[in-house]
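Chain A is the first sequence line, chain B the second, and so forth, proteins listed ahead of strands; every chain is numbered from 1. Just so it is clear, the structure is predicted and the values come from calculations on it, not from any experiment.
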Protein chains: 2
Amino acid sequence: MGGGEGKVTARKISGDARAEGAGQGGAKSVSAKDVAALAGVSRAAVSRTFTPGASVSAETRRKVLEAADALGYQVNHLARGLTRQQTGIVALIVAKLATPYRSAMVQALTGKLQAAGKVAMIINTDQEEATVELALRQALSYRADAAVILSGMPDRSIADLCHRNGQRLVLINRDDSLPGSIQLRVNDAQAGRMALLAFLRAGCRRLAVATSCDDTPSLLARERSFLEEARTLGLDVQCERFGASGYDSGLALGERLLVRPERPDAVFCTTDLIACGVMDAARQRFGLSIPADLSVIGFDDIPQAGWEAYQLTTFTQPIEETASAAVDWIARGENGDVPCRVDLTATMRWRRSVRARQAEAAPAG
Amino acid sequence: MGGGEGKVTARKISGDARAEGAGQGGAKSVSAKDVAALAGVSRAAVSRTFTPGASVSAETRRKVLEAADALGYQVNHLARGLTRQQTGIVALIVAKLATPYRSAMVQALTGKLQAAGKVAMIINTDQEEATVELALRQALSYRADAAVILSGMPDRSIADLCHRNGQRLVLINRDDSLPGSIQLRVNDAQAGRMALLAFLRAGCRRLAVATSCDDTPSLLARERSFLEEARTLGLDVQCERFGASGYDSGLALGERLLVRPERPDAVFCTTDLIACGVMDAARQRFGLSIPADLSVIGFDDIPQAGWEAYQLTTFTQPIEETASAAVDWIARGENGDVPCRVDLTATMRWRRSVRARQAEAAPAG
DNA sequence: CCCGCGCTTGCACAGCCGTGCAAACTTTCA
DNA sequence: TGAAAGTTTGCACGGCTGTGCAAGCGCGGG
């Protein structure tokens with residue numbers, strides 16, 4: 001095993017591989033060693049060529065790049081992540097990804113992460129077995145730099161585990177505050193109050209809330225703030241709760257609400273999907289017209305809310321801002337252990353699902 | 001420290017690690033070495049404990065698991081991927097993730113990949129700079145076991161690169177066949193013909209196609225098969241093409257088509273989103289009623305197609321089957337270099353956007 | 001009592017990369 | 001021309017894991 005040139009690992013790789021990669025199986029990927037052998041330099045030279053700011057002569061660099069190109073070499077980020085503390089991987093923990101709001105958020109996050117030189121790994125918690133805890137452990141095992149939690153809520157002990165392992169946590173609209181994490185929140189409570197006021201100004205009197213059985217903090221905050229504001233003003237509100245927060249639930253909620261003797265003339269839906277269902281129930285099954293007979297306000301401003309068939313007045317989620325805040329915090333890195341909190345605002349988006357102000361002044365006017 | 005039933009005191013460790021972590025950054029995660037030290041065994045014993053089928057005594061195993069639990073140890077998948085040939089990472093290359101069809105597909109893929117012990121990495125090609133080539137190189141640099149291409153089409157040379165590096169390719173509805181890859185296709189062409197026949201049976205005579213300027217193979221196949229079948233039968237079809245394949249384009253397409261003197265009474269839309277736009281244009285801007293005045297058929301069967309406001313007759317994408325086929329092929333591994341192709345069928349889903357058969361017999365019998 | 005056998009366990013190396021350090025080389029200046 | 005300064009390069013190690021190999025250990029059988 002002398003230092004003789006018998007160590008030719010990359011036996012005419014260039015020619016062979018170039019000619020036809022279909023040699024056989026070939027599950028082995030090319031490494032820096034192969035490139036070094038082909039270029040006739042040391043492996044360190046290869047490494048330095050791909051490390052910005054390292055000292056390599058132009059000639060060596062050229063040879064290395066040439067060989068790398070011929071072999072199709074890509075630096076192994078996994079091995080690089082071993083020595084560096086950064087893998088560049090960010091785990092996105094999410095359930096019901098196919099939902100319009102969720103998918104828009106994931107799209108924004110993946111795009112911005114990529115622009116920041118990171119890469120997103122999706123961990124799906126749709127199956128019951130896949131709890132948030134399991135998801136976080138998986139993220140940990142891939143040494144993700146950070147994990148973004150879009151669904152569910154991690155146990156405090158698991159969060160500690162992440163923190164101890166140097167994995168930072170981004171909580172989007174979760175209500176607990178954890179060490180070494182950032183919390184991104186939207187003004188759900190304020191939105192609930194604004195919705196109520198909007199209905200009152202429009203002259204609506206028989207108010208209702210349609211929401212799901214999911215106990216997501218955001219949904220609860222929207223519902224509660226609406227109800228509380230109403231109670232403060234001495235108004236009664238019918239509240240109906242059913243199923244998951246999707247279109248079908250909205251349909252069912254609409255039927256339940258509109259069949260009542262005291263038929264509501266305004267429904268605040270905690271989700272746009274629910275709102276679309278309620279609107280369809282009102283129109284198709286009760287022959288009501290919107291906003292003349294029924295005013296509806298939703299939340300999220302999903303694309304469908306802007307469709308001609310709905311023209312739903314709603315609250316626009318600050319998706320881009322949220323994603324930017326998350327990615328900035330992740331990319332910034334190293335900001336100590338103090339939990340950080342960022343508040344973002346969902347702004348009201350007026351369309352045509354709330355009737356115009358009535359002649360008579362609203363009490364809250 | 002003798003090994004005499006060392007009941008590991010979790011509290012002490014945790015406290016220690018906590019303190020250290022809080023000291024500064026604490027980006028270091030716990031490794032097998034740490035666990036070995038705490039458990040009083042060799043590092044190899046730790047490794048074996050977490051390797052199914054390896055030889056470890058019950059006693060050692062217990063000590064290791066206890067220590068691992070106390071420290072919150074997770075096997076480093078990245079380092080494991082170094083020695084094994086498998087990283088367990090599968091790259092999903094996708095643009096416009098927020099689209100209903102795409103997000104549903106990604107949800108299905110991530111779920112099934114996870115169930116198969118893999119994990120999905122999302123590479124977003126929305127930005128112009130992020131071409132499919134770049135995406136594949138990134139996948140390569142993370143040593144993904146496979147890459148699933150949902151958008152765009154890789155150059156042949158890049159595909160060769162992947163192949164040479166042992167990265168397998170899954171092409172979903174792409175038209176090129178590449179070495180070491182699997183191609184999943186849907187019967188777009190058949191669907192186009194079926195749509196035409198459905199219109200004819202319903203007694204429609206003034207046929208039209210609404211599609212986008214995207215040159216996705218699937219969309220082209222749907223459009224062309226519809227047009228060709230019509231020509232075969234000696235029928236004339238108006239074809240309008242505009243923008244990207246989203247709702248807004250559908251709205252615009254509807255306006256362009258319906259303003260014509262020869263107003264169509266049937267429109268085949270190559271996408272459900274386009275179909276929803278066309279329907280809304282017809283109803284809101286031209287006061288038409290569907291299906292009495294206009295029949296519409298879409299493609300994809302996105303959730304909105306089933307909403308009360310649309311009740312769109314369309315073709316159901318075999319999303320679950322496609323995802324299963326992809327994941328099965330990926331998990332199966334090692335199936336030689338011969339390109340593989342799987343054909344799946346999108347089945348027609350009848351709803352209420354095509355009018356019932358007219359009394360007079362359609363020419364196509 | 002001794003030997004062989006099976007189970008455990010530790011050593012050491014491989015897998016891939018980045019980087020400190022020292023040696024070798026090039027360039028510049030006196 | 002010689003020396004000093006600066007640049008480039010290779011060696012070797014560290015980061016984390018899996019695993020072949022051989023040694024250690026306990027145990028049953030002759």
Protein-nucleotide distance ([X], atom [atom1]; [N], atom [atom2]), rounded to Å:
X: A:Glu59; N: D:dT7; atom1: CD; atom2: P; answer: 19 Å
X: B:Leu78; N: C:dC17; atom1: CG; atom2: P; answer: 13 Å
X: B:Phe50; N: D:dG18; atom1: CZ; atom2: C1'; answer: 14 Å

Side chains of [X] and [Y]: closer than 4.5 Å at any heavy-atom pair?
X: B:Asn76; Y: A:Leu82; result: yes
X: B:Gln114; Y: A:Ile123; result: yes
X: B:Val106; Y: B:Leu150; result: yes
X: B:Leu92; Y: B:Met105; result: no
X: B:Asp145; Y: B:Arg168; result: no

Checklist line | Under-4.0 Å side-chain N/O to phosphate OP1/OP2 contact, A:Tyr73 with C:dC17 | finding: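 For C:dC17, OP1 or OP2 has a side-chain N or O of A:Tyr73 closer than 4.0 Å.
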
Note to self: Does C:dC7 have its OP1 or OP2 closer than 4.0 Å to a side-chain nitrogen or oxygen of B:Ser57?
What the structure shows: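 No, no such contact exists.
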
Checklist line | Listed nucleotide nearest any side-chain atom of B:Ser47, set C:dC16, D:dT19, C:dT19 | finding: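 The closest nucleotide is D:dT19.
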
Check: If you check every side-chain atom of A:Val41, which of C:dG10, D:dG10, D:dG18 has the closest atom?
Finding: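 For the A:Val41 side chain, the nearest candidate turns out to be D:dG10.
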
Next item on the list: Could you check whether A:Val46 gets within reach of a base, just the sugar-phosphate, or nothing at all, counting any heavy atom under 4.0 Å?
Entry: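 Here A:Val46 touches no strand at all.
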
Check: protein-nucleotides 11-15 of chain C nitrogen or oxygen pairs below 3.5 Å:
none

Item checked: Residues B:Glu59 and B:Arg62 bridged, charged N to O under 4.0 Å ->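 Judged by the 4.0 Å cut-off on N to carboxylate O distance, B:Glu59 and B:Arg62 do form a salt bridge.
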
